[in-house]
J.: 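Provided herewith is a single structure, encoded as structure tokens, for subsequent inquiry.
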Amino acid sequence: MINPLAQELNDLLAGTTPGELLSDLGQRLYFPKGIIAQSGEAKKLGKVANGTIGMTVINGKPAILPSVRKYSPELQSGELVAYAPTAGNPDLRALWKEEMIRKNPGLDGKSFSLPVLVPGLTAGISYLADLFLDEGKGLIAADPSWDNYVLIASARRNAPFTQFPIFKDGKFNVDGLEECLKKEAAGGSVRVILNFPQNPSGYSPVKEEAARIIAIVKELAEKGTKVMVWCDDAYFGLNYENDIYPQSLFAELCDLHENVLAAKIDGPTKEDFAWGFRCGFITFGCKGLSDAHYDALVKKLMAAIRSSVSCASTPPQSMVLKAYKEGNIQAEKIEFRKVLENRYKLVKKFLASHKSDFIKPLPFNSGYFMAFHLDTIDAEVLRQKLLKDKGIGTISIDAHTLRVAFSSLDEEKIDIVYQAIYDTAEELAKA
């Protein structure tokens, strides 16, 4: 039984690509005209008093304990302990949209939704899964990929999870992606998540590869397939080579075709070096959607937020907003990115002078990570031996993939770590 409020949103989206892509849960979700909506009305019109929100208010401001207040003296109590709106601080949402256009000039003049704030990019991906995945509507991802993708798609949503080999002949496997998309498109719709810079490989497509990806999506759409692309841009902007496609694919996909729905998942947690803030955004784009369509889609997303965490944490939103408006954040980020780029170059230098018959570095050019492919050695066995014998932590993504986060390695430790990886792999292979 679908709630009338959910049906109202479904009717608004009827005949659109988002409407046809919705999962069973996505069709049932609605934003209730309950406490949150009524509190919003009271905030605007309740001039005498507002008895709607469950907070302790003293002299018109949220109460805050002195023991809490002393650790953030520059923020007002409302910026620290008040509930945030379900979709996030409206000023921060507007600012993030402006920042998206600044970082992706291809978005200028195009129509797309106002970003919705979510409690971290993982939550954003999970909410997209709620809205668009179910037993009959699966997700395509690269292989290897971040292990949380399969956990979210398969374990949480019981959706099929299909992967294509990310590399072929030392390059991004565009042909493999195309083959996988066309096979899945036989059902009339397809959903794919593209993560650049990619976790675990640390790879971003070069300009020619990005152009081919966009062309493949457009060709599918022109043939009638409903295509949804999730642009996981967690590590956006951390590019270390000049031939990398400089924008998010969302910049092209958001108005590529009426049959293409693009969702951008990004946020300050990686871009602005604020990992524990758990602050991210979801933005939708689809050619031909009206403001009413975007509003209905956003309300579906707000329903997923409201029915899980109610709203995201307020202090990170306040701090990010102030950092952008009052701080020197752009110059500071340049300095931090230089640190990462220097580490990247040192890893590249080491790998250029070391060869192994047992481990092979996957292509990488961006982000936080690089990864090794292993044929004859089990990645978990190598990880355990590195940890126990050498005191070095790495991540085994699967049996054939060992990930190294050079982002967390001080420069003087890079040669030590990578030499240990090569030596230990050789020890295991010859044991």
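In what follows, every heavy atom counts, from backbone to side chain, and hydrogens, waters and symmetry copies are set aside. Just so you know, these numbers come straight off a predicted model, no measurement behind them. Sequential numbering from 1 along the given sequence is applied to the chain's residues.
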J.: Going by heavy atoms in the side chains, are Asn89 and Val320 under 4.5 Å from each other?
T.: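 Side-chain contact under 4.5 Å: no.
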J.: Side-chain donor-acceptor pair under 3.5 Å between Tyr127 and Ser308, yes or no?
T.: yes
J.: Can you confirm whether Val68 sits close enough to Leu80 that some side-chain heavy atom of one is under 4.5 Å from a side-chain heavy atom of the other?
T.: no
J.: To the nearest 0.5 Å, what is the distance between CG on Asn10 and NZ on Lys300?
T.: 3.5 Å
J.: Regarding Lys338 and Glu335, does a basic nitrogen lie under 4.0 Å from an acidic carboxylate oxygen?
T.: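 So Lys338 pairs with Glu335 through a salt bridge.
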J.: Give me the atom names and distance for the closest heavy-atom approach of Phe112 to Thr283.
T.: CD1-CG2, 3.6 Å
J.: With a sphere of 6.0 Å drawn around CG of Asn328, does it hold more than 12 non-hydrogen atoms of other residues, nucleotides or ligands?
T.: yes
J.: Report, as yes or no, whether the 6.0 Å neighbourhood of atom CG on Asp410 holds more than 12 heavy atoms from other residues, nucleotides or ligands.
T.: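 More than 12 within 6.0 Å, yes.
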J.: Identify the heavy atoms of Ser204 and Asn239 that sit nearest to each other, and give their distance.
T.: OG-OD1, 3.9 Å
J.: With rounding to the nearest 0.5 angstrom, report the CZ to CD1 distance, Arg69 to Ile64.
T.: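 These two atoms lie 4.5 Å from each other.
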J.: Can you name the closest pair of heavy atoms from Arg403 and Thr394 and give their distance?
T.: O-CB, 3.7 Å
J.: Answer yes or no: is there a side-chain heavy-atom contact under 4.5 Å between Pro361 and Met370?
T.: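 Yes, their side chains come closer than 4.5 Å.
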J.: Heavy-atom distance under 4.5 Å between the side chains of Ile305 and Val118, does that happen here?
T.: yes
J.: For the pair Glu74 and Lys322, find out whether any cationic side-chain nitrogen is under 4.0 Å from an anionic carboxylate oxygen.
T.: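 Looking at Lys322 together with Glu74, the answer is no, because their closest N to O distance does not fall below 4.0 Å.
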J.: Could you go through the side-chain contact (heavy atoms from CB on, under 4.5 Å) check for Asp134 and Arg157 one step at a time?
T.: CA-CA 6 Å; Asp134 58 37; Arg157 296 296 298 134; 3.8 Å; yes
J.: Search all heavy atoms of Val298 against all heavy atoms of Arg93 and return the closest pair with its distance.
T.: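 For Val298 versus Arg93, the nearest heavy atoms are CG1-NH2, 4.4 Å.
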J.: Charged N to carboxylate O below 4.0 Å: is that the case for Lys183 and Glu179?
T.: no
J.: Would you indicate whether the side-chain heavy atoms of Phe364 and Leu351 approach each other to under 4.5 Å?
T.: yes
J.: Flag the pair Phe236 / Phe250 as yes when their ring centroid distance falls below 6.0 Å, and as no otherwise.
T.: no
J.: Take a 6.0 Å sphere around NZ of Lys413 and say whether it holds more than 12 heavy atoms from other residues, nucleotides or ligands.
T.: no
J.: Begin from the C-alpha positions of Asp272 and Tyr324 and carry the test side-chain contact (heavy atoms from CB on, under 4.5 Å) through to its verdict.
T.: CA-CA 10 Å; Asp272 299 334; Tyr324 271 92; 2.7 Å; yes
J.: For salt bridge (charged side-chain N to carboxylate O under 4.0 Å, His left out), just list the numbers for Asp378 and Arg383, CA-CA rounded to whole Å, side-chain angles, deciding distance to a tenth of an Å, and then say yes or no.
T.: CA-CA 9 Å; Asp378 186 278; Arg383 183 191 75 84; over 6 Å; no
J.: Nearest 0.5 Å, what's the CG-CD distance between Leu22 and Gln27?
T.: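 Separation between the atoms: 6.0 Å.
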J.: Test side-chain contact (heavy atoms from CB on, under 4.5 Å) on Trp146 and Ile193 and set out the steps.
T.: CA-CA 11 Å; Trp146 186 39; Ile193 186 163; over 6 Å; no
J.: One pair to check against side-chain contact (heavy atoms from CB on, under 4.5 Å): Thr162 and Cys180. What are the steps and the verdict?
T.: CA-CA 8 Å; Thr162 306; Cys180 194; 3.5 Å; yes
J.: With a 4.0 Å cut-off on N to O distance, would you call Glu98 and Arg102 a salt bridge?
T.: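 No.
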J.: Which heavy atom of Phe406 sits nearest a heavy atom of Ser366, and at what distance?
T.: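 Looking at all heavy atoms of both residues, the closest pair is CZ-O, 4.5 Å.
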J.: Would you indicate whether Lys270, at its atom NZ, is surrounded by more than 12 heavy atoms from other residues, nucleotides or ligands within a distance under 6.0 Å?
T.: yes
J.: Enter the distance from Asn195:CG to Leu249:CG here, rounded to the nearest 0.5 Å.
T.: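 The CG atom of Leu249 is 11.0 Å from CG of Asn195, to the nearest 0.5 Å.
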J.: Taking atom CZ as the centre, does Arg156 end up with more than 12 heavy-atom neighbours from other residues, nucleotides or ligands that are less than 6.0 angstrom away?
T.: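 No, because the 6.0 Å sphere around CZ of Arg156 holds 12 heavy atoms or fewer from other groups.
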J.: Any salt bridge linking Arg212 with Asp175? Criterion: basic side-chain nitrogen under 4.0 Å from a carboxylate oxygen.
T.: yes
J.: Just by distance, no angles: are the side chains of Tyr203 and Glu209 close enough, under 3.5 Å, to form a donor-acceptor pair?
T.: yes
J.: Verify the neighbour count for atom NE2 of His400: are there more than 12 heavy atoms of other residues, nucleotides or ligands below 6.0 Å?
T.: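 No.
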J.: What I'd like to find out is whether the side chain of Leu402 reaches to under 4.5 Å of the side chain of Leu386, using heavy atoms alone.
T.: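 Yes. Closest side-chain heavy atoms under 4.5 Å.
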J.: Taking the inter-plane angle between the rings of Tyr235 and Phe369 on a 0 to 90° scale, is it parallel (under 30°), tilted (30 to 60°) or perpendicular (over 60°)?
T.: perpendicular
J.: Could you check whether Lys182 pairs with Glu178 (Lys NZ or Arg NE/NH1/NH2 to Asp/Glu carboxylate O, under 4.0 Å)?
T.: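 The answer is yes: the pair qualifies as a salt bridge.
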J.: Tell me the closest heavy-atom pair linking Phe132 and Arg191, and the distance in Å.
T.: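 Answer, listing the atom of Phe132 first, then Arg191: O-NE, 2.8 Å.
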J.: Does any non-hydrogen side-chain atom of Ile213 lie less than 4.5 Å from one of Leu194?
T.: yes
J.: More than 12 heavy atoms of other residues, nucleotides or ligands under 6.0 Å from NZ of Lys171: is that the case?
T.: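 No.
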J.: Rounded to the nearest 0.5 Å, how far does CG of Leu131 lie from CZ of Arg28?
T.: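 One gets 11.5 Å once the value is rounded to the nearest 0.5 Å.
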J.: Contact between Tyr149 and Gln163 at the side-chain level, heavy atoms closer than 4.5 Å - yes or no?
T.: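 A side-chain contact is absent here, since even the closest heavy-atom pair is not under 4.5 Å.
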J.: For the residue pair Lys348 / Asn365, report whether a side-chain donor-acceptor contact shorter than 3.5 Å exists.
T.: no
